[in-house]
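Per chain, numbering begins at 1; letters A, B, ... match sequence-line order. These numbers come from the heavy atoms of this one structure, side chains and all, not from hydrogens, waters or symmetry mates.
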Amino acid sequence: MYPRPPRPRTSMPEETPLERERRGKVARWRADGREPYPWEFPGRVDTAVVRAACAGLAPGADDPARSFRVGGRLRIVRQHGRTAFADLEDLAGPLQLILRVDELGESAYRSWLADLDPGDILGADGSPALSRRGEPSLLVRSLTLLAKAITPPPEKFHGLQDVEERLRRRYVDLLSSEAVRRRFRVRSLLLRAIREHFDAAGFLEVETPVLERVASGAAAQPFVTRSNYLDAEVQLRIAEELPLKRLLVGGLERVYEIGKVFRNEDLDSIHAPEFTELEAYWAYADYHDMRRFLEGLYERLAARTVELLPDDPEVARAAGRFRPPFATLDFVESLEARSGIPDILGKSREELRALARAAGSTVPDGSSTGTFLDKLFEHYVEPSIDRVTFVVDFPTATTPLAKRHRAKPGRVERFEVFAPGMELANAYTELTDPDEQEERFRSQLGERGDDRYAYDADFVEALRYGLPPTTGIGFGIDRLVMALLGLSSIKDAILFPPVRER
RNA sequence: GGGCCCGUAGCUCAGCCCGGUAGAGCAGGCGGCUCUUAACCGCAAGGUCAGGGGUUCGAAUCCCCUCGGGCCCGCCA
């Protein structure tokens, strides 16, 4: 039932001549009693400290009274006989090292230049100096090899261009591209800003199980595995919704979770089989409150993004979309207006199926009413969305976990946020009536062949204890990062996107 | 799942249409140069042309299949 997985690759690729050359250097190093992979390098400062210390020096001058130790990756060596320039790079940026026979001594100078290669991790001690051309530098007094690179880094100017290699070996992509390092650093800092926003509003960050007996809370194919403890099949979660709402029944009032969810479907530019989802549930509030809260978050993230990447016009354009005021579209009104179809809510499932077919949808005949409505919206309205837009008040059939609209019959209180080309967030006033919840689950199941949402009897039972009026939201962090940075592929927002065995 | 495109040295790329001994730059090796910024100059070396099959006197090049990747479409709240 569960075939043994293929073993990960354990054999190394054959050694290249370049690698043989570098191994020879390691061997020489060891033969001299020196350690090419030492244990520590205390007292290091980052390169920005040295660059700052160069301020005020005259071109060609150095300051022997001050001394610094730096460490990082060696990128390029420019040799000029008895002087050489080496570019060292750490997370703070690049720093030029000046190596001189006069400082290092003839034999040390020669042997260092013979043994160093681009890609090596190198430590250096020396004094701040400005080159004659005015480049902030470290005039080196001594060097320490911190890790010999056996495999050479990609070409110094073009870096790693092959998209496949960049994804398979993200570490090479990172080490050869400052822009890639910066992008993932920004993702991390944006995630921190999101946490700050929720924390400041009194939300509690919680964790709920990834392994569930039946994955629920959304419509998606689950990944299936096995638990020895339960002696049963388990599924990886496809949403966080139902466990989080149980926590509000338990009185936690405001909770959020940031974690991976798993949907066993194809990878494309806006879908990944495992992605980072944030879901938040807020008791004693409705979807209007949630919209205001989300707008505040967007405004904060837009500002933070531009602050982190001030010189990128593409980022400025993308992040600029997340400043209020935001557009609003009523689901039913906009669909009726764009399609010319009257009385959408009055249509039967069969009529909607025919309309969806006419609009080019190929979903199965047995799909639910909600699916056909989604397809119609996707066809008639979505392509025209050219800014961050709140689509509001969906037909009840599209959304089994949302509360019916207090004023619009046939609708639920729900909004989805769309950016051009993708859906960004989904929120609603939560359905809290246990009997209605049970009825909605059953009517979904009642539609022929539709198993979009697993019936979760335990969840209905939880609602019977009483869930306060509540609003909830879910959004994918990866897509939000894409939208804020103007990335066109979700793989550019994920450090290690899935790749097939080669 | 369907269509189109791509895979040549460690890296970045020519060569493919129109079949005739596999090229360059970077990196690495050897030599030169005490202020360069992708340093520069000289010399030598480096290849399973993704893999397999076919056509041909001869295939990186033309044809078929497979693998991997990209884009678009379909599927996927």
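In the set B:rC35, B:rG28, B:rU37, the nucleotide with an atom closest to the side chain of A:Gln96 is B:rU37. Closest to the side chain of A:His158, from the set B:rG69, B:rA38, B:rA77, is B:rA38. The side chain of A:Lys156 has B:rA27 as its nearest neighbour among B:rA27, B:rA77, B:rU36. Side-chain proximity of A:Phe157 to the nucleotides B:rA38, B:rA27, B:rC35 is greatest for B:rA38. The A:Glu155 side chain lies nearest to B:rC11 when the options are B:rU36, B:rA77, B:rC11. With distances taken from any side-chain atom of A:Leu18 to the nucleotides B:rG10, B:rA77, B:rU34, the minimum falls on B:rG10. Closest to the side chain of A:Asp266, out of B:rU12, B:rG1, B:rU37, is B:rG1. Picking from B:rU12, B:rG1, B:rU34 the nucleotide with the shortest atom distance to the side chain of A:Gln161 gives B:rU12. Taking only side-chain atoms of A:Asp117, from C-beta outward, the nucleotide of B:rC76, B:rC35, B:rG29 with the closest atom is B:rG29.
You'll find the side chain of A:Pro243 stays beyond 4.5 Å of the side chain of A:Arg237, heavy atoms only. At a threshold of 4.5 Å between non-hydrogen side-chain atoms, the residues A:Glu413 and A:Tyr428 do not count as touching.
Under the 3.5 Å distance criterion, with hydrogens and angles disregarded, no donor-acceptor pair is assigned to the side chains of A:Ser127 and A:Asp62.
Taking atom CD of residue A:Gln79 and atom P of nucleotide B:rC33, one finds them 11 Å apart after rounding to whole Å. To the nearest angstrom, C1' of B:rG29 lies 18 Å from CZ of A:Arg23. The nearest whole Å value for the distance from the CG atom in A:Leu267 to the P atom in B:rG69 is 9 Å. Going from atom CZ of A:Arg82 over to atom C1' of B:rA39 covers 19 Å, rounded to whole Å. One atom, CZ of A:Phe394, and another, C1' of B:rA77, lie 10 Å apart when rounded to the nearest Å. Rounded to an integer number of Å, the gap from A:Tyr109 OH to B:rU34 P is 9 Å. Distance A:Ile490 CD1 to B:rC76 P: 18 Å, rounded to the nearest Å. Rounded to whole Å, atom P of B:rC40 lies 14 Å from atom CZ of A:Phe85.
Nucleotides B:rG58 and B:rG15 are separated by 26 Å at their P atoms, to the nearest Å. As rounded to the nearest Å, B:rU55 and B:rU61 have P atoms that lie 15 Å from one another. As rounded to the nearest Å, B:rC49 and B:rU21 have P atoms that lie 16 Å from one another.
Listed pair A:Thr362 / B:rC75 meets the phosphate criterion, a side-chain N or O lying under 4.0 Å from OP1 or OP2. Dashed line: the shortest gap from a side-chain N or O of A:Arg263 to OP1 or OP2 of B:rC76 is not under 4.0 Å. For the pair A:Lys375 and B:rC76, the criterion of a side-chain N or O lying under 4.0 Å from OP1 or OP2 is met.
Checking B:rC4 for Watson-Crick or G-U wobble geometry (two distances, each under 3.5 Å) identifies B:rG70 as its partner.
Heavy atoms of A:Val101 sit nowhere under 4.0 angstrom from any nucleic acid atom. Residue contacts for A:Asp102: at a heavy-atom cut-off of 4.0 Å it reaches a base atom on one of the strands shown. Among the atoms of the strands shown, only primed sugar atoms or phosphate atoms (P, OP1, OP2) are found under 4.0 Å from some heavy atom of A:Glu21. Residue A:Gly474 is classed as having no contact, given no heavy-atom separation below 4.0 Å to the nucleic acid. Using a 4.0 Å heavy-atom distance criterion, A:Glu165 is classed as making no nucleic acid contact. Within 4.0 Å (heavy atoms only), A:Arg168 reaches sugar-phosphate atoms of the nucleic acid but no base atom. Heavy atoms of A:Gln221 sit nowhere under 4.0 angstrom from any nucleic acid atom.
For the pair A:Glu336 (side chain) and A:Ile344 (backbone), a donor-acceptor distance under 3.5 Å is present.
Annotation: cation-pi pair A:Arg170/A:Phe496 absent, no NZ/CZ under 6.0 Å from the ring centroid and within 45° of its normal. At least one cation-pi condition fails for A:Arg411 and A:Phe331: the charged atom is not both under 6.0 angstrom from the six-membered ring centre and inside a 45 degree cone around its axis.
Counting distance only, with no hydrogens placed and no angle test, the side-chain atoms of A:Arg78 and the base atoms of B:rA38 include no donor-acceptor pair under 3.5 Å. Below the 3.5 angstrom threshold, one finds a donor paired with an acceptor across the side chain of A:His271 and the base of B:rC76. For A:Arg100 against B:rU34, a side-chain-to-base donor-acceptor contact under 3.5 Å is present.
When every heavy atom of A:Tyr281 is checked against every heavy atom of A:Glu430, the shortest pair comes out as CE2-OE2, 3.2 Å.
Residues A:Arg75 and A:Asp87 are not paired through a salt bridge, judged by the lack of any N-O separation under 4.0 Å between the basic side chain and the carboxylate.
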